[in-house]
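Below is one structure, written out as structure tokens, with a few remarks after it.
Lettering follows sequence order; numbering is per chain, from 1.
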4 protein chains.
Amino acid sequence: MSPRRRDSASTAAARAGRRTELLATAAEVFASRGYAATTVREVADAAGMLGGSLYYHFDSKEAMVDEILSTFLTDMWAAYDRVTGSGLGARETFHALITESFRMIDRYRPAVVIYQNESKHLAANPRFTYLVESMRRFREMWLSVLDRGVLAGEFRADLDTGLIYRFIRDTVWVAASWYRGDGPLSADEIARQYIVMVLEGITAD
Amino acid sequence: MSPRRRDSASTAAARAGRRTELLATAAEVFASRGYAATTVREVADAAGMLGGSLYYHFDSKEAMVDEILSTFLTDMWAAYDRVTGSGLGARETFHALITESFRMIDRYRPAVVIYQNESKHLAANPRFTYLVESMRRFREMWLSVLDRGVLAGEFRADLDTGLIYRFIRDTVWVAASWYRGDGPLSADEIARQYIVMVLEGITAD
Amino acid sequence: MSPRRRDSASTAAARAGRRTELLATAAEVFASRGYAATTVREVADAAGMLGGSLYYHFDSKEAMVDEILSTFLTDMWAAYDRVTGSGLGARETFHALITESFRMIDRYRPAVVIYQNESKHLAANPRFTYLVESMRRFREMWLSVLDRGVLAGEFRADLDTGLIYRFIRDTVWVAASWYRGDGPLSADEIARQYIVMVLEGITAD
Amino acid sequence: MSPRRRDSASTAAARAGRRTELLATAAEVFASRGYAATTVREVADAAGMLGGSLYYHFDSKEAMVDEILSTFLTDMWAAYDRVTGSGLGARETFHALITESFRMIDRYRPAVVIYQNESKHLAANPRFTYLVESMRRFREMWLSVLDRGVLAGEFRADLDTGLIYRFIRDTVWVAASWYRGDGPLSADEIARQYIVMVLEGITAD
DNA sequence: TATGAATGAGTCTTCATTCAT
DNA sequence: AATGAATGAAGACTCATTCAT
């Protein structure tokens with residue numbers, strides 16, 4: 001390895017690092033102020049640079065959310081696929097998916113908030129068709145788990161699975177809006193309580 | 001009643017009606033596009049008038065959301081107060097509050113969507129401090145019901161009531177984003193299934 | 001005279017009276033807020049009617065200032081012409097013109113304020129060429145008095161009459177901006193002191 | 001000085017220079033068209049840029065007049081304070097204040113025109129309370145000079161000093177509306193003739 | 001890499017004016 | 001004569017984006 005190559009390698013790594021850093025900042029700001037209401041200048045301020053300077057790193061404001069969301073979704077689907085591909089029963093799959101979801105919130109909180117708040121509006125844009133696709137897969141995945149559980153006699157049959165699916169989906173993701181990594185409850189503990197509540201209900205025996 | 005009085009009465013009523021009509025339209029648009037992302041022109045288009053014409057009826061875009069949200073919240077608290085003031089036990093109160101909430105969604109769907117999506121951002125504005133106040137009351141009301149239920153042995157004691165409160169709050173309101181008045185399930189039926197799920201869980205006996 | 005004619009006569013008189021009343025109100029508002037900064041609605045408010053209603057009486061906002069200014073200027077020139085046509089010497093003419101000017105301020109204060117503040121801007125509009133013409137006549141009138149006085153040995157010859165003219169003109173009219181009809185000094189008393197100051201100076205003997 | 005420091009110094013200076021330049025342009029336009037009647041676009045046109053570009057340099061149209069007026073007033077009061085602090089007699093103080101005033105007009109003509117035409121309207125805005133304060137100080141300063149002169153037997157006692165003060169104030173400032181730096185009379189010459197007129201009167205001996 | 005300055009399209013809002021009643 | 005509702009043009013201001021340095 002020539003010094004030149006080592007240099008450019010470390011430069012490329014540094015550049016990638018800077019990019020990731022900037023995206024983390026942007027995600028934080030988009031999540032707290034709302035994507036539409038956030039100005040590029042606000043993101044730049046938070047990153048300690050001037051508005052125009054961001055355009056050296058990204059093509060547009062849209063490109064930033066795009067990268068934030070697609071990075072998160074790619075990782076999320078990898079985790080979900082690992083779960084659904086491991087041949088677990090419905091109840092165990094339910095358990096694992098919920099747990100993974102709260103871990104995602106832990107790891108990608110701002111991205112999840114953006115996903116939750118802006119998906120519907122962004123989805124109208126051709127650039128974000130993958131969001132629509134992701135929502136469709138999400139729905140199918142959950143309905144399949146729920147239906148499997150009902151068939152196996154693990155879940156009640158007198159409830160509308162479409163309705164249950166929506167309740168689960170919403171409650172899980174919306175947790176991103178109040179979750180703090182440094183709060184008293186860990187992501188796994190929250191998942192555990194959530195599972196208890198949904199599976200057994202809050203009624204005392 | 002003299003003709004004069006009937007006239008002015010019908011005029012005032014017509015004016016109030018137009019105002020309500022316009023607010024309903026605005027709420028619909030704000031809910032579907034997002035408040036910040038909605039232009040005044042879009043609201044006006046939906047109402048069949050020009051952008052500037054809205055200002056004959058309202059002081060500002062902000063004044064419109066304000067009226068939409070405060071009208072909804074006033075009615076909502078009247079309903080909640082009726083419930084909490086009627087001396088029911090924790091479980092019955094839980095039941096009644098959930099049912100009322102879904103009825104609110106049925107009656108004020110767009111307002112609830114706006115409340116859900118924009119409250120956090122609007123609350124920073126002094127004009128909307130009543131939102132913060134409403135959120136506080138909401139929290140206290142639910143925590144009191146949950147705590148009462150735990151003490152009475154009606155609800156499980158091994159779950160974090162703060163967490164349960166958040167799950168309930170989010171799931172109930174977020175339902176506004178997919179609820180359609182003309183869907184296959186009525187608001188009361190949705191409430192019923194939701195109550196079953198949360199109280200008894202989805203596990204089959 | 002038939003009753004009909006009497007009726008229409010009194011109606012016409014009433015209409016003219018209302019018009020004058022409205023113009024007086026408009027002049028007051030234009031004078032205090034500035035013509036450009038005054039909205040038609042503000043004038044209407046002051047007159048106790050709605051914005052659109054003024055258009056029953058006047059063609060436009062511009063038509064209002066027009067009538068305000070031309071009425072005032074017509075009366076002013078009638079008074080000035082009476083003075084300059086009465087064969088007085090320079091000093092007496094000076095005296096009389098100043099006195100008449102302060103009387104004008106007394107009678108037409110708001111109109112004078114508008115004239116003072118807006119003439120330059122309005123003059124660009126073809127409708128108001130009479131303002132330019134009036135300013136020209138005004139200048140000629142004063143220069144003629146001053147020149148006549150210098151030639152007659154009544155006024156000092158070592159001062160620039162163009163300059164003196166401007167000082168006189170400005171000070172006289174600008175007085176409209178602070179003059180109150182109910183103040184401690186009458187218009188004639190103010191004129192007297194002004195004449196003393198300009199003719200004899202403020203130095204003690 | 002390192003090149004770095006020279007660079008940043010020249011940059012800062014250039015920025016301040018541009019700002020001053022833009023304010024001079026804005027002042028010219030505000031003075032000739034009137035503040036309320038001037039559009040931001042007109043100012044931008046005169047500066048050779050687009051309307052929105054001005055907002056890179058200034059927060060608002062209001063911020064521009066603010067800076068124009070406060071810069072002028074700061075300098076003006078420095079000059080007046082120098083005069084009143086130098087222990088001159090009333091007559092000499094009178095002389096010096098008038099001279100300084102015309103020099104101000106020479107140096108800040110557009111600002112003075114704006115001050116003269118818009119002060120009353122702007123003063124209602126909390127941002128411009130310093131205008132009210134400045135007017136108060138101005139009045140006190142002149143009354144004190146005039147009263148001192150009367151007591152010392154230098155000025156006539158049979159005139160109302162409040163009236164004289166107003167005449168002086170108005171005439172001096174209103175001169176800004178016709179003064180041209182390139183006219184035949186210098187600021188000092190105009191001041192001299194003005195002083196002669198007011199102190200000795202225009203009557204020939 | 002980042003800055004400073006500018007662009008230009010678009011946003012909210014204002015306001016003179018119109019017109020059916 | 002006056003109201004209520006709307007028009008439409010224009011105005012102040014914002015903001016994503018560009019680009020020379």
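- Along DNA chain F, the nucleotide nearest to A/Gly52 and the one nearest to C/Gly52 differ in position, and the one closer to the 5' end is contacted by C/Gly52.
- Atom-to-atom, CG of B/Leu54 to C1' of E/dT11 comes out at 14 Å; the value is rounded to the nearest Å.
- With rounding to whole Å, B/Arg41 atom CZ is found 18 Å from E/dT14 atom C1'.
- When the nucleotides F/dT18, F/dG4, F/dA2 are ranked by their closest atom to the side chain of C/Met49, F/dA2 comes out on top.
- As rounded to whole Å, 13 Å separates atom C1' of E/dC15 from atom CG of C/Asp45.
- Base pairing of F/dA6 is made with E/dT17, judged by Watson-Crick or G-U wobble geometry with both donor-acceptor distances under 3.5 Å.
- Nucleotides E/dT1 and F/dT21 have their C1' atoms positioned 12 Å apart, rounded to a whole Å.
- Ring geometry, B/Tyr35 versus B/Phe30: the interplanar angle exceeds 60°, so the pair is classed perpendicular (tilted spans 30 to 60°).
- Residue D/Leu69 comes nearest to D/Ala111 through the heavy atom pair CD2-O, 3.7 Å, listed as atom of the first residue, atom of the second, then distance.
- Nearest to the side-chain atoms of A/Lys61 among the listed nucleotides F/dT3, F/dT17, E/dT3 stands F/dT17.
- For the pair A/Asp66 and A/Tyr130, the minimum side-chain heavy-atom distance is below 4.5 Å.
- The shortest distance between the side-chain N/O atoms of D/Tyr56 and the OP1/OP2 oxygens of E/dA5 is below 4.0 Å.
- For D/His57 and E/dG4, the shortest distance from a side-chain N or O to OP1 or OP2 is not below 4.0 Å.
- As judged by a 4.0 angstrom heavy-atom cut-off over every strand, B/Thr39 is placed among residues touching the sugar-phosphate backbone only.
- Ranked by how close their nearest DNA chain E nucleotide is to the 5' end, C/Val40 and B/Ala36 are led by B/Ala36.
- When atom types are taken as modelled, the side chain of C/Lys120 and the backbone of D/Ser32 share no donor-acceptor pair closer than 3.5 angstrom.
- With rounding to whole Å, D/Tyr35 atom OH is found 10 Å from F/dA12 atom C1'.
- One finds a side-chain N or O of B/Arg18 lying less than 4.0 angstrom from the OP1 or OP2 phosphate oxygen of F/dA6.
- Here E/dA2 presents its P atom at 13 Å from CZ of A/Arg19, a figure rounded to the nearest Å.
- Between D/Leu131 and D/Tyr115, the closest side-chain pair of non-hydrogen atoms falls below 4.5 Å.
- Rounded to a whole Å, the CG atom of D/Asp59 is 13 Å from the P atom of F/dC15.
- Taking the nucleotide of DNA chain F with the nearest heavy atom to each of D/Ser60 and B/Leu22, the more 5' of the two is matched to B/Leu22.
- Under the Watson-Crick or G-U wobble criterion, with both distances below 3.5 Å, F/dA1 has no partner in any strand shown.
- When rounded to the nearest whole Å, the span between CG of D/Leu50 and C1' of E/dT7 equals 6 Å.
- Taking the side chain as every heavy atom from C-beta outward, C/Asn125 and C/Glu62 approach each other to under 4.5 Å.
- Within the 4.0 Å cut-off from OP1 or OP2 of F/dA5, not a single side-chain nitrogen or oxygen of B/Ser53 is found.
- Remark: P of F/dC15 and OH of A/Tyr55 are 12 Å apart, rounded to the nearest angstrom.
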